[in-house]
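Read the structure below first, then the notes.
This one's a predicted model, so the numbers in the text were calculated from it and none came from an experiment. Note: hydrogens, waters and symmetry copies are ignored here, and every other heavy atom, side chains too, is used.
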Amino acid sequence: MTTPYELPAGTPDAPRLTDAERERALAVLREGAAQGRLSHDTFLYRMERVLVARRPDELALLTADLETESTWTRRVVGAVEKMSAFTARIGRAWHAERLPKLLLPHPGPYPLRIGRDPVNGLRLSHETVSRLHAELSSQDGTWVLRDLGSTNGTTVNGRRVTGAVVVRAGDAVGFGQMSFRLSLN
């Protein structure tokens, strides 16, 4: 017995799949799952089938119900996404230049603790900054920013830090609602 996503036995051989075709099918499945058009179980099942598929017609069966947009629609949406990303980058660049500088300290054996508590090396008196918010340390010539379980989060270039992340001069860092641009001088 075949499922709706399997070809019947005896189907003539089609050309072998390329990696690009397989990746495109996986991208369609990911997008369908992200849009809520596939359940998690269906997404996993179809993903496994894509990975073991041998012919393009097998991929077509797995993605046929998800490909409803025309080529023209995909191009327009892609152009809008690119313009949106471009304007967001301009906004971040404009904002980053206006941020106050946070000088990177001289590397030492102890990290620079950042927070509201007076025991921190950098005390930030703002209600969105936790008492022990984050720490900045130099490890083998690389600066690492680590969130210490803060309530309102630590960000680097607009992205929330979970754990530790490498930072460098010019990065925009945020502690709660306070933002700075890292600088060497």
Same cluster or not: [X] versus [Y], using hydrophobic residues (I, L, V, M, F, W, Y) connected whenever any side-chain heavy atoms lie under 4.5 Å apart?
X      : Y      : value
Leu44  : Leu38  : yes
Val129 : Val156 : yes
Leu132 : Leu145 : no

Taking the side chain as every heavy atom from C-beta outward, state whether [X] and [Y] have any atom pair closer than 4.5 Å.
X      : Y      : result
Glu135 : Leu148 : yes
Tyr45  : Asp41  : no
Glu31  : Leu66  : no
Asp171 : Arg168 : yes
Val173 : Thr155 : no
Trp143 : Pro105 : yes
Arg30  : Phe43  : yes
Leu104 : Leu112 : no

Any donor-acceptor N/O pair, [X] side chain to [Y] backbone, under 3.5 Å:
X      : Y      : answer
Ser130 : Thr151 : yes
Glu23  : Asp19  : no
Glu58  : Arg55  : yes
Thr87  : Met83  : yes
His133 : Gly153 : yes

For [X] against [Y], the heavy-atom pair lying closest together:
X      : Y      : answer
Asn152 : Gly176 : CB-CA, 3.8 Å
Leu62  : Asp65  : O-OD1, 4.1 Å
Gly163 : Val161 : O-CG1, 3.5 Å
Arg160 : Ser150 : NH2-O, 4.1 Å
Leu102 : Phe180 : CB-CB, 3.6 Å
Ala53  : Leu17  : O-CD1, 3.5 Å

Checklist entry - Who passes side-chain contact (heavy atoms from CB on, under 4.5 Å) against Ala164, sequence neighbours left out? => result Val144, Arg146

Next on the checklist: Just to verify, what does Thr63 make a side-chain contact (heavy atoms from CB on, under 4.5 Å) with, not counting sequence neighbours?
Outcome noted: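 side-chain contact (heavy atoms from CB on, under 4.5 Å) check on Thr63 returns Ala25, Val28, Leu29, Glu67.
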
Checklist entry - Thr18: what forms a side-chain hydrogen bond (donor to acceptor under 3.5 Å, both in side chains) with it, not counting sequence neighbours? => result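 Here the qualifying residues are Glu21.
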
Checklist entry - Does Gln177 have any side-chain hydrogen bond (donor to acceptor under 3.5 Å, both in side chains) partners at least two apart in sequence or in another chain, and if so, which? => result none

Next on the checklist: For a side chain to side chain contact (heavy atoms under 4.5 Å, CB included) check, start with the C-alpha distance between Val167 and Val165, then their side-chain angles and the critical distance, and finish with the verdict.
Outcome noted: CA-CA 6 Å; Val167 293; Val165 65; 4.2 Å; yes

Let me check something: any side-chain donor-acceptor pairs from residues 117-125 under 3.5 Å, sequence neighbours excluded? List them with distances.
{"residue": "Asp117", "atom": "OD1", "partner": "Val119", "partner atom": "N", "Å": "3.0"}
{"residue": "Asn120", "atom": "ND2", "partner": "Asp117", "partner atom": "O", "Å": "3.0"}
{"residue": "Asn120", "atom": "ND2", "partner": "Arg131", "partner atom": "O", "Å": "2.8"}
{"residue": "Arg123", "atom": "NE", "partner": "Arg116", "partner atom": "O", "Å": "2.9"}

Item to check | Rounded distance (nearest 0.5 Å) linking atom CE of Met178 with atom CD1 of Ile114 | outcome: 11.0 Å

Item to check | Cluster companions of Leu103 among Ile, Leu, Val, Met, Phe, Trp, Tyr (side-chain spacing under 4.5 Å) | outcome: none

